[in-house]
Amino acid sequence: MYRSHNLGELRASHIGDQVVLSGWVHQNRDLGNLIFINLRDRYGITQVVVQNSDELIEKAKRIGLEDVICIEGKVIERSSKNSKLETGDIEVEVVKLTVLSKSKPSPIDIHDKGIQSGEELRLKYRYLDLRGERMKRNMISRNTMITAMREFLSKEDFLDIDTPILSKATPEGARDFVVPSRLAKHEFFALPQSPQLFKQILMISGLDKYFQIAKCFRDEDLRADRQLEFTQLDIEMSFITSDEFMTTMEKLAKYIHNRVLGEKIAYSFPRISYHEAIENYGIDKPDTRFDMKIQNITNVLANSSFSGFSSVVSEGKTIRAIVAKNLGEKISRKIVMDFEEVLKKQFKIKGLVFIKFGVEITSPIKKFLSDEEVDNLKAKLCLENNDMVFIVADSFKIACESLGKLRIELGHMFKLANENQFNYLWVTKFPLLEWSEEDQRYKAQHHPFTAILADDFEMLATHKEVARTDSYDLVLNGNEIGGGSIRIHNRDVQNQVFEMLGLSPEEIKHKFGFFLEAFQYGVPPHGGMAYGLDRYLMVLLKESSIREVIPFPKTNKGRCLMMESPCSVDTEQLEELAIELKNI
């Protein structure tokens, strides 16, 4: 027997018991004829003491940090109690000590809570990194989250159904990972970007409540909240409206939150449309933990002598502003110039105008502002001394999105959001289409299976670019943690959307023929969504990267440093797959 108890279990009530303990050496203090060893496993730390035996003391002196040992001994009362340890009232007097495995000196600081060892080193030695308290907490929280998901959905009568990993390449917004087939030469499987088509087919199959903790794969550039492979909670329901679905998902989110953090969310999640999100926050995933909404000041400055305003209004465009409350003295001209450079590069704005309000106003356009315009701005924006206004004059989209970016940057720079607050909200009614500059054509904003709002259906013939969908994203503290929609359940409409996206009849048949075939056999109204499990947990635990909540993540260059992959394969294996490598 390696252990009778784990290392977080023993209490004063166990004093006098004979126990067997095993774990890693966390700390080793050699006091000559008295050696204290802190022994660690995932449950906690227990102090053991070696004394009264020259043989045991000599063996204990040769023990190093992270060695794995097994001890037998008697639980005794600890003379110097440690209130920081749950086992701090006791220690174990060792009568037998066995070294199970020796450890080299660790190349990373396992117990560095600030994680100063460097990410690449941590990922190369991930098995050591996972021993630390921070990563252990994150993995336990991940298990708690997944368990909570299964608990809630099982009680709601959902069926846990797995779907294939080897699938078919379909256009869903990102590049597919393709897998060559040995049995079907020159043909390929694709790894699923999501189980989207499978879960809709499950609804056609009559399995009306489905969920899955699904692995998904997307060959895309990586960021702090993206990985090549990720985990999502995938859900689909039949005979459901979007209101009913969001209500159920809101209950699920509250259940998860409570189970992971032990905190109850007492409010109903606000719902705002995509248009409202862009108009007020400049982004479709707003962080509402601080105000600073974008405001329309077109009427105030429409007749300004500053041509940068009046000419824009004459073109039918808009003037928008945000107010940095009581931050005027903290925002230098250099900071403004840096902001302007970023916004010009990303959004192609012509300029970023600022006005700092105090005893006198400070602004590069001060000479163009009349007293009436200044007074109207103060009244419209509720301005006080030391407030600073940022203004962009351009199209609705550029003005709002650029100021939305600035709002986020100001929020980060001045820590405007309450870090201990969790603000959930729904963003609904996304556009059906978005224009792709890269491909010079419209693409589906969500995906091509999203139902169109009944009120907007007639627009498909004349103004398809403004048609909205019955869609919804769940946002938490400025992060999209889940998204979905009611689906198209009419075959003709689905085919029409494919054509609208520029797919030829041949492409539709090749990519989606099996799907449209299924639509001929009775399709229930249905809808669903997917929670980004990794990103959701990252936000709950206040981590800055999803790599901190994934057991074995890839680097930002898509590599696994621990296993040294991706890597080359043998020539024989390539020949079996009928693949020849080319130098590029």
Side-chain angles (χ1 to χ4, degrees), residues 142-170 172-174 176-177 179 189-218 229-242 244-253 255-256 259 446-451 471-472 474 481-489 491 494 511-537 550:
R142 186 182 180 93
N143 176 73
T144 301
M145 172 177 274
I146 292 172
T147 301
M149 291 170 172
R150 294 189 188 280
E151 287 173 349
F152 179 90
L153 292 169
S154 294
K155 288 176 184 175
E156 293 288 324
D157 208 25
F158 284 78
L159 300 176
D160 185 351
I161 304 173
D162 61 310
T163 55
I165 293 297
L166 293 176
S167 183
K168 182 176 184 175
T170 56
E172 292 189 40
D176 289 306
F177 281 101
V179 182
F189 293 105
L191 303 183
Q193 294 184 32
S194 76
Q196 181 65 42
L197 297 181
F198 286 110
K199 67 180 182 180
Q200 288 192 245
I201 288 172
L202 286 171
M203 298 302 101
I204 298 173
S205 304
L207 302 169
D208 68 327
K209 288 185 174 183
Y210 143 94
F211 83 96
Q212 179 184 184
I213 308 295
K215 278 290 186 184
C216 303
F217 307 86
R218 294 182 183 177
E229 57 178 304
F230 56 95
T231 307
Q232 68 181 34
L233 170 62
D234 205 47
I235 305 170
E236 199 80 5
M237 298 175 71
S238 293
F239 305 111
I240 195 81
T241 66
S242 53
E244 291 169 326
F245 187 84
M246 283 188 280
T247 298
T248 300
M249 292 302 99
E250 187 168 316
K251 291 177 183 176
L252 170 60
Y255 187 82
I256 292 169
R259 291 280 279 109
H446 261 60
H447 53 58
F449 318 109
T450 305
S471 51
Y472 35 80
L474 185 56
I481 60 168
S485 67
I486 299 301
R487 320 302 188 189
I488 297 168
H489 67 277
R491 187 181 189 276
Q494 184 64 81
K511 296 178 183 297
F512 300 107
F514 72 97
F515 189 57
L516 292 177
E517 168 112 11
F519 266 50
Q520 298 179 102
Y521 295 96
V523 183
H526 60 285
M529 71 178 286
Y531 285 84
L533 190 151
D534 312 303
R535 188 183 298 168
Y536 191 3
L537 184 60
I550 296 174

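- Looking at residues two or more places apart in sequence or on another chain, you find a salt bridge (charged side-chain N to carboxylate O under 4.0 Å, His left out) between Glu229 and Lys554.
- Between Arg259 and Glu151 a salt bridge is recorded (basic side-chain N to carboxylate O distance below 4.0 Å).
- Ring centroids of Phe152 and Phe158 are separated by 6.0 Å or more, keeping the two rings apart.
- When the side chain to side chain contact (heavy atoms under 4.5 Å, CB included) test is applied to Phe189, the partners found at least two apart in sequence or on another chain are Leu166, Val179, Ser181.
- The side chain to side chain donor-acceptor pair (under 3.5 Å) search around Ser167 returns none, not counting sequence neighbours.
- Under the rule for a side chain to side chain donor-acceptor pair (under 3.5 Å), the partners of Asp234 that lie at least two apart in sequence or sit in another chain are Lys199, Tyr210, Gln232.
- Annotation: side chain to side chain donor-acceptor pair (under 3.5 Å) contacts of Asp160 (sequence neighbours excluded): Arg150.
- For Thr163, the side chain to side chain donor-acceptor pair (under 3.5 Å) partners two or more places apart in sequence, or in a different chain, are Gln212.
- With sequence neighbours excluded, the residues satisfying side chain to side chain contact (heavy atoms under 4.5 Å, CB included) with Leu516 are Arg491, Gln494, Asn495, Phe498, Ile508.
- With sequence neighbours excluded, no residue satisfies ring pair (Phe, Tyr, Trp, His ring centres under 6.0 Å) with Phe211.
- Here the side chains of Cys216 and Pro195 are in contact, with some heavy-atom distance below 4.5 Å.
- Listed by chain and residue number, Ala518, Phe519, Val523 satisfy the side chain to side chain contact (heavy atoms under 4.5 Å, CB included) test with Ile204 (two or more places apart in sequence, or in another chain).
- Contacts of Phe217 classified as ring pair (Phe, Tyr, Trp, His ring centres under 6.0 Å), with partners at least two apart in sequence or in another chain: none.
- Taking Pro164 as the reference, Phe198 meet the side chain to side chain contact (heavy atoms under 4.5 Å, CB included) condition, with sequence neighbours excluded.
- The salt bridge (Lys or Arg N to Asp or Glu O under 4.0 Å) pairs that include a residue from residues 512-535 are Arg142-Asp534, Asp225-Arg535, where partners are two or more places apart or lie in different chains.
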